[in-house]
Engineer: 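Questions regarding the structure given below will be posed in turn.
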Amino acid sequence: MTLYNYLAILTAFIVTYLIRVVPLTLIRKPIKNKFIKSFLYYVPYVTLSVMTFPAIIEATNSPIAGIIALAAGIIAAFFGAGLLPVASLCCVVVFIAELFIK
């Protein structure tokens, strides 16, 4: 490995370590601010959404098929369908949409 690889690994380690350790050392009292509490509450959901939604659209041969399946999944989940039925519905919708989009 080259020096660049070692520096990249070291930089990634330092950044990851600082992100995890600095809040633990700086924040010792319970957080009382409602804005910060709600911000920290929604961070995992936003992160998951930011990683998932582009992957849903780009995982198919046609982005339109992914968007149609995403809409179908959102509608099914809104009406109370569980994870397995929603995932199955989305797979079927993508399959059918890609048959017609080509």
Side-chain angles (χ1 to χ4, degrees):
M1 288 193 349
T2 65
L3 178 63
Y4 175 78
N5 291 347
Y6 288 115
L7 288 175
I9 292 170
L10 180 65
T11 304
F13 168 76
I14 291 171
V15 169
T16 304
Y17 184 77
L18 288 177
I19 289 172
R20 294 171 191 267
V21 170
V22 168
L24 291 173
T25 58
L26 295 179
I27 303 172
R28 296 193 183 262
K29 297 179 184 175
I31 298 172
K32 295 180 182 176
N33 188 325
K34 288 183 181 180
F35 177 76
I36 294 175
K37 281 177 120 176
S38 66
F39 175 79
L40 293 174
Y41 178 79
Y42 287 110
V43 165
Y45 300 109
V46 171
T47 305
L48 183 61
S49 299
V50 167
M51 292 186 313
T52 304
F53 288 131
I56 291 170
I57 295 170
E58 295 173 2
T60 61
N61 288 334
S62 170
I64 295 171
I67 292 170
I68 293 169
L70 176 63
I74 290 172
I75 291 168
F78 180 76
F79 285 109
L83 180 61
L84 184 61
V86 170
S88 301
L89 173 71
C90 290
C91 291
V92 170
V93 168
V94 166
F95 180 74
I96 292 170
E98 287 188 349
L99 287 176
F100 291 109
I101 291 176
K102 289 182 182 181

Engineer: Linking Ile, Leu, Val, Met, Phe, Trp and Tyr by side-chain heavy atoms under 4.5 Å, what else ends up with Ile19?
Structural biologist: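 Reading the cluster by chain and number, Ile19 sits alongside Val15.
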Engineer: Which donor-acceptor pairs under 3.5 Å do side chains of residues 28-46 form with protein atoms, sequence neighbours excluded?
Structural biologist:
unit_1 : atom_1 : unit_2 : atom_2 : d
Asn33  : OD1    : Phe35  : N      : 2.8
Ser38  : OG     : Lys34  : O      : 3.2
Ser38  : OG     : Phe35  : O      : 2.9

Engineer: For Ile67, which fellow cluster members are found when Ile, Leu, Val, Met, Phe, Trp and Tyr are connected by side-chain heavy-atom distances below 4.5 angstrom, either directly or through intermediates?
Structural biologist: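 Ile67 shares its hydrophobic cluster with Ile57.
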Engineer: With rounding to the nearest 0.5 Å, note down the distance linking CD1 in Ile101 to OG1 in Thr60.
Structural biologist: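 Answer for the CD1-OG1 pair, Ile101 versus Thr60, is 7.5 Å.
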Engineer: May I have the list of side-chain donor-acceptor pairs in residues 86-99 shorter than 3.5 Å, sequence neighbours left out?
Structural biologist:
unit_1 : atom_1 : unit_2 : atom_2 : d
Ser88  : OG     : Leu84  : O      : 2.8
Glu98  : OE2    : Asn61  : N      : 2.7

Engineer: Does any pair with a residue in residues 58-90 pass ring-ring contact (aromatic ring centres under 6.0 Å, His included), and if so which ones, sequence neighbours excluded?
Structural biologist: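 Counting only pairs at least two positions apart or across chains, no ring-ring contact (aromatic ring centres under 6.0 Å, His included) contact touches residues 58-90.
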Engineer: Checking Ser49 now: which residues fulfil side chain to side chain contact (heavy atoms under 4.5 Å, CB included) with it, not counting sequence neighbours?
Structural biologist: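 Expected list: Phe53.
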Engineer: May I have the list of side-chain donor-acceptor pairs in residues 3-13 shorter than 3.5 Å, sequence neighbours left out?
Structural biologist:
unit_1 : atom_1 : unit_2 : atom_2 : d
Thr11  : OG1    : Leu7   : O      : 2.7

